[in-house]
Amino acid sequence: MKANKIIAGAALVGAIALTATGCAGGGGAAAGGGGGGSDVITVGFAQTGSESGWRSANTESMKEAFSEANGFNLIFNAADNKPEAQIAAVRSFINQGVDAIVLAPIVTDGWDDVLKEAKDANIPVILEDRTVSASEDLYASWVGLDFKKEGETAGKWVADNFGSTPTNMVVLEGTTGSSAATDRAEGFNSAISGTDIKVLDSQTGNFTRAEGKTVMEGFLQKYGSQINLLFAHNDDMGLGALEAIKAAGLTPGTDIKIVTIDAVKDGMTALSKGEFNYIVECNPLLGEKAAEIVKKVVAGESVDKSYIVEDQAFDQEQAAKVLDSRPY
Ligand code: GYE
């Protein structure tokens, strides 16, 4: 069932390689009453919120791709990272009779009922970014990133660089129950297993700078200079932690090594300044591909069940070289 194929990156900004897996029928015939006979496609987009630099870049990419000029009428909702609010937003899109729903699910679980409601109303749902645990036949397609592989890449770098000396690590996890946090943790933990790296503590910072800072302050109070290494599930929590580390009189990147995921501008700036040590990229520019999928699904054409965007990774020297040319 897993027929892998690489699609040339022409459809995405910056020549990104895409891996498509599996084959699925489209979301059925064009649906919803929003179009009113015109060619304009009315799309409800349920975004997670605005928790991070990655999220801002993702929202911008989606708004650009789902523009009027491209034939869309976009109804945008950001749920402030509250799963119930996001479910309510999807339900309201169904009630409005949109042609398609795009969903960046905050958490993995809890989607079965509302996805069934969308299916009963003949409104196709396209997932972008994170995944859900609901049955695959409740959505038409998904475009996103391989979070497990991102975690593995980060863990492998940590294992290669610190795995053979006793190292005390703290972890700032992403939003509990999100596929981004669960899969990154799984990939990272498998890559460091059997090394001399010890996890002193691991807590959620909800992917935000503010919570990253607060949780890191707590870690520093509890463990002080015992901490050698921080793994943060995204740049923003790492950037919040930087402030806490500096305020504690320690030097980030030296006294405490820092590994993060995303590679947004502020993270890459910290990396090229030597305050971070390694970043695994997570590409937020998913809009163009998502819009292409939506157009096909609404037209009743078949699409693949999943499209995975390939990520890179950067050390300090590599970050300094590419910083100016990064689009986000
Ligand atoms: O890494 C983080 C954001 O789901 C991939 O969510 C996304 C993650 C991203 O808040 O910065």
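Counting convention: from 1, in listed order, for ligands and their atoms alike.
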- When hydrophobic residues are tied together by side-chain contacts of less than 4.5 Å, even through go-betweens, does Leu239 share a cluster with Ile227?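 Yes, because Leu239 and Ile227 connect within a single hydrophobic cluster, where side-chain heavy atoms sit under 4.5 Å apart.
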- Same cluster or not: are Leu220 and Tyr223 linked, directly or through other Ile, Leu, Val, Met, Phe, Trp or Tyr residues, by side-chain heavy atoms under 4.5 angstrom apart? yes
- Item | All pairs passing ring pair (Phe, Tyr, Trp, His ring centres under 6.0 Å) where residues 194-221 contributes a residue, at least two apart | none
- Salt bridge check: are Asp236 and Arg209 linked by an N-O gap of less than 4.0 Å? yes
- Item | Derivation of the ring-ring contact (aromatic ring centres under 6.0 Å, His included) call for Phe188 and Phe231 | CA-CA 9 Å; Phe188 186 90; Phe231 170 45; 3.9 Å; yes
- Query: Tell me, which residues have any heavy atom less than 4.0 Å from some atom of ligand 1?
  - Reply: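 Near ligand 1, by chain and number: Glu51, Ser52, Trp54, Arg55, Asp129, Arg130, Phe147, Ala180, Arg184, Phe207, Asn234, Asp262, Cys282.
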- Query: Do the side-chain N and O atoms of Glu186 and Ser190 include a donor-acceptor pair separated by under 3.5 angstrom?
  - Reply: no
